[in-house]
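Values in this document were obtained by computation on a predicted structure and should not be read as measured data. Naming: A, B, ... by sequence-line order, numbering from 1 per chain.
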Amino acid sequence: MPFTICTWNINSVRLRAPIVRRLLEEEAPDVLCLQETKCPAEKFPLETFAELGWEHLAVRGDKGYNGVAILSRLPLTPVEHRDFCLKGDSRHVTAKLPDGTQIHNLYVPAGGDEPNVETNPKFAHKLDFVDEMAACFRSHDGPAVLVGDLNIAPREDDVWNHKQLLKIVSHTPVETEKLNAAQAAGGWVDAVREVIPEGLLYSWWSYRAKDWDAADKGRRLDHVWTTPDLKIHGARVLRAARGWEQPSDHAPVFATLG
DNA sequence: ATGGTAGGGCACCTA
């Protein structure tokens with residue numbers, strides 16, 4: 001049976017529990033992967049989602065920063081994680097669906113402002129993290145999905161202005177090359193671009209723009225990657241959610257697979 | 001070239 005997975009950088013799950021509920025009620029993905037939950041695991045508002053039917057949770061969190069969670073209508077076993085770059089950050093959680101599909105939920109470091117590893121340790125951390133993604137997802141034991149806020153827009157049509165963003169962290173050549181290398185190393189398929197192969201496509205719009213919708217200066221930072229054994233039935237960005245009440249700066253990205 | 005807006009938690013870090 002196909003299942004629908006959604007990835008959404010929520011920028012505080014406690015503040016935005018109401019719009020997470022709205023997404024679950026209106027879109028009803030089988031699996032919802034959240035990033036930047038910004039709370040420790042014990043403060044994750046599980047009950048508010050469990051009462052809607054999403055009662056299975058794989059969660060990791062840090063006080064005030066990072067945090068990833070997989071909310072599911074289907075059982076998740078076993079739940080594991082990797083400590084990328086050995087920093088103790090909650091940036092990865094993984095679990096298996098009953099059909100054996102392995103779900104990886106990732107929050108790649110944003111990387112700071114200056115795209116220079118000598119002067120900006122956050123940028124060095126980001127590049128190291130993506131290198132580790134290439135090294136650790138090299139083989140798969142059955143079907144797998146990698147989703148998350150990868151904080152890199154790899155293609156020219158994943159940003160509102162390719163030339164202008166070449167020196168902006170998230171679209172520099174060193175980042176896009178490393179992301180492409182990680183994708184290739186894992187044999188991953190960019191499921192969203194399989195379904196929408198042409199044209200501008202974004203999943204994030206800055207809070208700083210006066211009118212994000214009219215200006216439309218977006219970037220595609222959120223991704224769904226699949227192993228080739230998974231059939232891709234559909235994929236889309238729910239752009240409207242960027243305009244919901246008290247929104248995240250990211251829109252949810254969906255794929256129907258299997 | 002600069003500054004613009006958010007969240008967490010209560011000074012200033014992060015995005």
Would you mind telling me which residue lines up with the more 5' stretch of DNA chain B, A/Y207 or A/G64, judged by nearest nucleotide? A/Y207

Closest approach of A/A69 to A/L57 (non-hydrogen atoms, all atoms of both residues): CB-CD1, 4.1 Å

Looking across every strand, which nucleic acid part, if any, lies under 4.0 Å from A/K210 by heavy atom: base, sugar-phosphate, or nothing? nothing

Determine the Euclidean distance between corresponding C1' atoms of B/dC12 and B/dA1; express it in Å to zero decimal places. 25 Å

What are the bounds, 5' to 3', of the part of DNA chain B that sits under 4.0 Å from heavy atoms of chain A? B/dG4 to B/dA15

Looking across every strand, which nucleic acid part, if any, lies under 4.0 Å from A/Q246 by heavy atom: base, sugar-phosphate, or nothing? sugar-phosphate

If you pin A/P109 and A/S206 to their nearest nucleotides in DNA chain B, which one's is more 5'? A/S206

How far, in whole Å, is B/dT2 from B/dA6 if one measures between their P atoms? 23 Å

To the nearest 0.5 Å, atom CZ of A/R220 lies from atom NE2 of A/H171 at 11.5 Å

Tell me whether the guanidinium CZ or amine NZ of A/R242 lies under 6.0 angstrom from the six-membered ring centre of A/W212 and within 45° of its axis. yes

Can you name the closest pair of heavy atoms from A/A134 and A/A185 and give their distance? O-CB, 3.5 Å

With rounding to the nearest 0.5 angstrom, report the CG to CZ distance, A/D149 to A/R91. 9.5 Å

Please measure how far the P atom in B/dG9 lies from the corresponding atom in B/dG3, and state the result in whole Å. 28 Å

Quick one: pull up CG in A/L24 and CG in A/L71 and give me the separation to the nearest 0.5 Å. 6.5 Å

Could A/R219 and A/W160 be counted as a cation-pi pair, given that NZ or CZ must be under 6.0 Å from the ring centre and within 45° of the axis? no

Among Ile, Leu, Val, Met, Phe, Trp and Tyr joined by side-chain contacts under 4.5 Å, find the other residues sharing a cluster with A/V108 and list them by chain and number. A/F84, A/L106, A/F129, A/V130, A/M133, A/F137, A/L146, A/L150, A/I152, A/L179, A/W188, A/W225

Do any of residues 150-168 of chain A sit with a heavy atom less than 4.0 Å from DNA chain B, and if so which? none

